[in-house]
Amino acid sequence: MSSDAEAGGLKDAVLIVDGDVLSRHAIADYLRHCGYSVVEAASTDEAMTAITELSLGIDVILCDVAAIGERSGFELARWVRENRPGLEVRLAASAEGAATFAAELCQTGPHLDLPYEPGAVIDYIRQLRAARDRV
Amino acid sequence: MQTISIRTRELPPANAGRVLVVEDEFLIRMIVSDYLREIGYTVVEACSGDEAVAVLRSGVLFDVVFTDVRMPGSTDGLALLAYVRATQPGLPVVVTSGHLLPALALAGGAVEFLAKPCGLEQVAEALCAATSGR
């Protein structure tokens with residue numbers, strides 16, 4: 001699946017929020033190799049800085065539900081949906097975090113699995129782009 | 001917050017090497033890392049000395065480490081420097097700080113010290129010099 005925008009060479013800017021440096025780097029590196037612009041945040045605090053203080057043109061946020069910071073991953077997602085309605089945010093959870101995630105699922109929507117499966121992440125980003133292009 | 005000014009420079013060849021950037025200030029880490037990627041480095045970003053140690057223990061190989069000194073957690077930049085000296089004596093470490101005296105970092109085994117605020121070009125030159133003999 002490839003949207004018109006991607007076919008034209010435009011790729012989304014992705015903010016990765018993950019307190020595990022190895023997990024964060026792995027998916028960030030993969031996305032960079034695929035041509036995406038990536039910002040790495042080690043906490044929700046850093047993510048808030050990226051969202052509110054920078055003109056980075058972030059299109060998609062991938063956030064570990066267990067991300068550290070003043071806000072939890074859920075709270076960050078909620079804040080983004082309330083204050084940045086055009087910015088897509090997808091929570092990611094490990095098997096251990098899935099139970100906690102399920103309790104909040106009705107408010108936060110579907111999620112990605114941790115560790116990230118690179119193909120699933122790319123598919124998700126492309127689906128978002130395709131949906132935006134249709135609007 | 002410390003700032004690093006942006007200056008333009010001629011871009012070196014791609015594949016300049018693999019660098020571990022260790023900086024707790026998000027914006028500085030992002031600006032430095034993005035710049036180093038632009039000029040051909042492969043960059044791994046760590047937000048603390050503890051994260052840096054985790055990366056080094058994972059077996060990822062680097063050509064150079066670029067680290068701040070004052071960072072949260074149990075491993076500051078000097079402790080990270082000591083860890084690298086003990087575990088990978090051949091891995092050069094470039095230290096940057098707005099507080100530390102250069103002599104302290106150099107005595108600990110750093111190959112270069114950059115006082116903050118420093119320019120991105122200075123960072124690139126220091127990393128290039130640090131890796132030129134490898």
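Chain letters run A, B, ... following the sequence lines, proteins first, then strands; residues in each count from 1.
Under the rule for a side-chain hydrogen bond (donor to acceptor under 3.5 Å, both in side chains), A:Thr52 has no partner lying at least two apart in sequence or in another chain. Evaluation of the side-chain hydrogen bond (donor to acceptor under 3.5 Å, both in side chains) rule for A:Ser43 yields no partner, not counting sequence neighbours. In terms of the side-chain contact (heavy atoms from CB on, under 4.5 Å) criterion, residue partners of B:Arg70 (sequence neighbours excluded) are, by chain and number, B:His99.
B:Gln88 has its side chain out of reach of B:Tyr83: every pair of non-hydrogen atoms, C-beta onward, lies at least 4.5 Å apart.
For residues 52-61 of chain B, heavy-atom neighbours of chain A at less than 4.5 Å comprise B:Ala54, B:Val55, B:Ser58, sorted by residue number.
Under a 3.5 Å cut-off, the side chain of B:Gln122 and the backbone N or O of B:Gly119 do form a donor-acceptor pair.
A:Ala28 does not touch chain B: none of its heavy atoms, backbone or side chain, sits under 4.5 Å away.
Using modelled atom types and a 3.5 Å distance limit, the side chains of B:Asp24 and B:Ser48 yield no donor-acceptor pair.
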